[in-house]
Undergrad: 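Can you keep this structure in mind? I'll have questions shortly.
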Amino acid sequence: MMVPKRNAARPPPDAIYLDYQATTPVDPRVLAAMLPYFTERFGNPHSTGHGFGLEAAEAVEAARAQIAALIGAEPREIVFTSGATESNNLAIKGAARFLKGRRNRVVTLATEHKCVLESVRDLAAEGFEIEILPVERSGLVDLDRLAAALDDRVALLSVMAANNEIGVLQDLAAIGALARARGVLLHSDAAQGFGKIPLDVRAMGIDLMSISGHKIYAPKGIGALFVRYRPRVRLEPLFSGGGQERGMRSGTLSPALCVALGAAASLAQVEGAAEAERLAALSRRFRDRLGGAVDGVVLNGDAVRRLPGNLNLGFRVVPALGLLSALPGLALGTGSACSSASVEPSYVLTALGLDDTSANESVRIGFGRFTTVDEVDRAVDAIAAAVRSIRAGIPPESQALTPSLGCSS
Amino acid sequence: MTAADQSTYLDHNATTPVRAAAIAAMAEVLAECGNPSSVHRSGRRARQRLEAARDAVAAALSLPAGGTLIFTSGGTEANHLALAGTGRRRILCSAIEHASILAAGAAVVPIPVEPGGTIDLAALEALLAADSAPALVSVMAANNETGVIQPLARVVALAREYGALVHCDAVQAIGKIGFDMTALGVDLASVSAHKLGGPPGIGALAGAPGIALAALQRGGGQERGVRGGTENLPGIAGFAVAATAARAELERFADLAALRDAMEARLLALEPGAVVFGAARPRLPNTSCVALPGLAGETQVMALDLAGIAVSAGAACSSGKVGPSHVLGAMGAGEDLARSAIRISLGRDTGSADIGRLVAAWGDLAARRRGRRGAA
């Protein structure tokens, strides 16, 4: 496929961005689609008494249809939100609270995104029973074990489409069939999967699906939740008010952001298959070259069932933070989560059975739409050189990084 | 061709065009790629931008030092976070609050307003005195439909006497009149970017020092754990620029009152039976809520739209929701009168030519209505 030109003004000029699971740059075509809705098409989409509002409302509805088309849904099944975190909170808390008293259990996986786990824990505080299932060394859930956890007490099962750290793709179609057979609602956090892998809510038996804009080249601040219409999935809203989004999510929508998400979905629909192939080839090239340059590199998570643009690599005896600080021209993610100023090993990696040391030696590498072959080769050279020098005993400067650590999604 | 090419827009309380400087700020951030929670260089730059924007918005509200400002997806979310987050179960809110406040919980107790459109302070005191459970009082700074400015300083003084906290939905006030959180002494204030020339999809809840909040939406620990989710950095950057600009231009915005007052005088001259709500009270300089008795607000909005003029019949909310305004009802307006009201809200670039077109088209409407009555 054609690689769109990057914005030349993006500093620093020589940096290589390999953290596409944390966030993606806005595609210039997405930006061009959204910008008019800040200026000449600025109407409030809920002001349907005049042309300004109707024009904005039409744009929002067109975007809704573009998003629905990518996952085999109907436009009315798409609820716009401020992002996948809100979508996950709304889906999990909203569906469980609506069913409270009839089904009081919620089941999820240990490797889910933090906002899924925290939503589930909020429900535990409200009196729900929760079960957090372990995963295999591959990062995949054992389907027999999952089946055993589902019965008529379970309101909701939440399983992500693609993991944000290790890129592992759960078998949603099989999981959907298990959930449906037991009358359990299936929610899937597809923040990392939507627009990158084929997803079909009907074929996979998905009742609720969370979608993020900024993971697929739309801006931050926009996301969506697929809510199945027939048979209808009912939610208790997180907040109410003007009654927008069929009462499930009140608040004025941003037409510009909705248009951006629609445009990004539409690009993914047209270009997604070719892009996935290109990214898988980049990942293979990266692994092959790196494997030839240094030894002691371990791939975390299933080698086959994973996002085409994701690698999670462990470098023996090389602390990830030291590696990152030795590579200022490279934007990579560590698997580390943070709590205040202390660095803790990634709970995703420890759920795979890695010990703390191995988890803290792991780095997330994400390739995306604007990654070039040349960048992959330069990154391999830089990483290999840094790994060799750290292993040779040159002290890492990890201390300087610690205070600014955040929790990258 | 867009609606803007052929029309006069007088619905700025619903939303107002994004300021050019805010678009420039957003464009700059959109051209970069960084998650404020990532540790690498682009992530750290994003974090710096986020904190600079937070300081700018806090300054625009005169948030006291040591206070917190939590970015949200907008005013609705900020209002809910405020009402659900303090842990106070007894919530008193004025009867003219925005739907996002009134819908925040079944336990919300309405405080009556007097016919002029301001909160009934004696009724508030009676409600505060009636129950010893510590309350949260939520009163908006200025009403979105009538523009009537609420006596916040007196609300705060009363609330203090009874140990109540005060939340203020300042969505319509900020950027239109001075709003100084330190001077007013409110504990919490909601603000929305798209009402002051920032983009839609971003807002904030400001909290005075010592106010702790529980999260509505969790995950990732962003915004001090009170509001999880990757921050909408382009929106936040645009918000900060717009809030700063709006505050700097308050004096100019105040001049809109003269234009608005002249407009109302002309409408009343054309139709002496028309009613201007809240005219006896201090109001936002740009807002006018006018009833033309006997002609439904929706009908007026449609007719004015055909004439190329955008106004509204109340708040812009869920499409198709038609009912008499709860705000005008609370002020004692009968259902027929409330149904015949429209809201005309001016913007920073509204000029006398825009008002001239509105007055002419509205005059035609009033004349046609008189003609129909005469024929009947």
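Chain naming here is simple, since letters A, B, ... match the order of the sequence lines and numbering starts at 1 in each. These numbers come from the heavy atoms of this one structure, side chains and all, not from hydrogens, waters or symmetry mates.
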Undergrad: Using the six-membered ring wherever Trp is involved, compare the ring planes of A/Phe239 and B/His80 and label them parallel, tilted or perpendicular (cut-offs 30° and 60°).
TA: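 Tilted, since the angle between the ring planes falls between 30° and 60°.
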Undergrad: With only heavy atoms counted, which part of A/Leu257 is less than 4.5 Å from chain B, the side chain, the backbone, both or neither?
TA: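 The side chain, not the backbone.
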Undergrad: Is it the side chain or the backbone of B/Arg19 that comes within 4.5 Å of chain A heavy atoms, both, or neither?
TA: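 Answer is neither: B/Arg19 stays 4.5 Å or more from chain A.
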Undergrad: In Å and rounded to the nearest 0.5 Å, what is the OG to CG distance from A/Ser254 to B/Asn232?
TA: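 Result: 8.0 Å between the selected atoms.
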Undergrad: Mark yes or no for whether A/Ser240, through its side chain, and B/Ala103, through its backbone, hold a donor-acceptor pair below 3.5 Å.
TA: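 Present.
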Undergrad: Checking A/Arg249 against chain B: side chain, backbone, both or neither under 4.5 Å from a heavy atom?
TA: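 Just the side chain, heavy atoms under 4.5 Å.
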Undergrad: What part of A/Ala256 gets within 4.5 angstrom of chain B, counting heavy atoms only: side chain, backbone, both, or neither?
TA: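 No part of it gets close to chain B.
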Undergrad: Taking only residues two or more places apart in sequence or in another chain, which ones pass salt bridge (Lys or Arg N to Asp or Glu O under 4.0 Å) with A/Glu236?
TA: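 Counting only residues at least two positions away or on another chain, A/Glu236 forms no salt bridge (Lys or Arg N to Asp or Glu O under 4.0 Å).
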Undergrad: Measure distances from B/Val311 to the heavy atoms of chain A and classify the residue's part below 4.5 Å as side chain, backbone, both or neither.
TA: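 Only the backbone of B/Val311 comes within 4.5 Å of chain A.
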Undergrad: Answer with side chain, backbone, both or neither: which region of A/Thr24 has an atom nearer than 4.5 Å to a non-hydrogen atom of chain B?
TA: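 A/Thr24 touches chain B through backbone heavy atoms alone.
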Undergrad: Checking A/Leu253 against chain B: side chain, backbone, both or neither under 4.5 Å from a heavy atom?
TA: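 Contact with chain B: backbone only.
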Undergrad: Nearest 0.5 Å, what's the NE2-OG1 distance between A/His50 and B/Thr8?
TA: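 So the NE2 of A/His50 and the OG1 of B/Thr8 are separated by 12.0 Å.
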Undergrad: Side-chain contact, heavy-atom cut-off 4.5 Å: B/His194 with A/Asn44?
TA: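 Side-chain contact under 4.5 Å: yes.
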Undergrad: For chain A, which candidate among B/Arg227, B/Met26, B/Met302, B/Glu77 shows the most heavy-atom pairs at distances under 4.5 Å?
TA: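 Maximum pair count with chain A is reached by B/Glu77.
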Undergrad: Would you indicate whether the side-chain heavy atoms of A/Thr252 and B/Thr76 approach each other to under 4.5 Å?
TA: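 No, side chains not in contact.
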Undergrad: For residues A/Lys93 and B/Leu216, report the shortest heavy-atom separation together with the two atoms involved.
TA: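 The answer is NZ-O, 3.1 Å.
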Undergrad: Could you tell me which residues satisfy salt bridge (Lys or Arg N to Asp or Glu O under 4.0 Å) with B/Asp305, sequence neighbours excluded, listed by chain and number?
TA: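 Salt bridge (Lys or Arg N to Asp or Glu O under 4.0 Å) check on B/Asp305 returns nothing, list empty.
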Undergrad: Would you compute the distance between atom OG1 of A/Thr85 and atom CZ of B/Arg218 and round it to the nearest 0.5 angstrom?
TA: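 So the gap between those two atoms works out to 12.0 Å.
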Undergrad: Output yes when a side-chain donor or acceptor of A/Lys114 lies under 3.5 Å from a complementary backbone atom of B/Gly221, and no otherwise.
TA: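 No, the answer is negative, given that no donor and acceptor are paired below the 3.5 Å cut-off.
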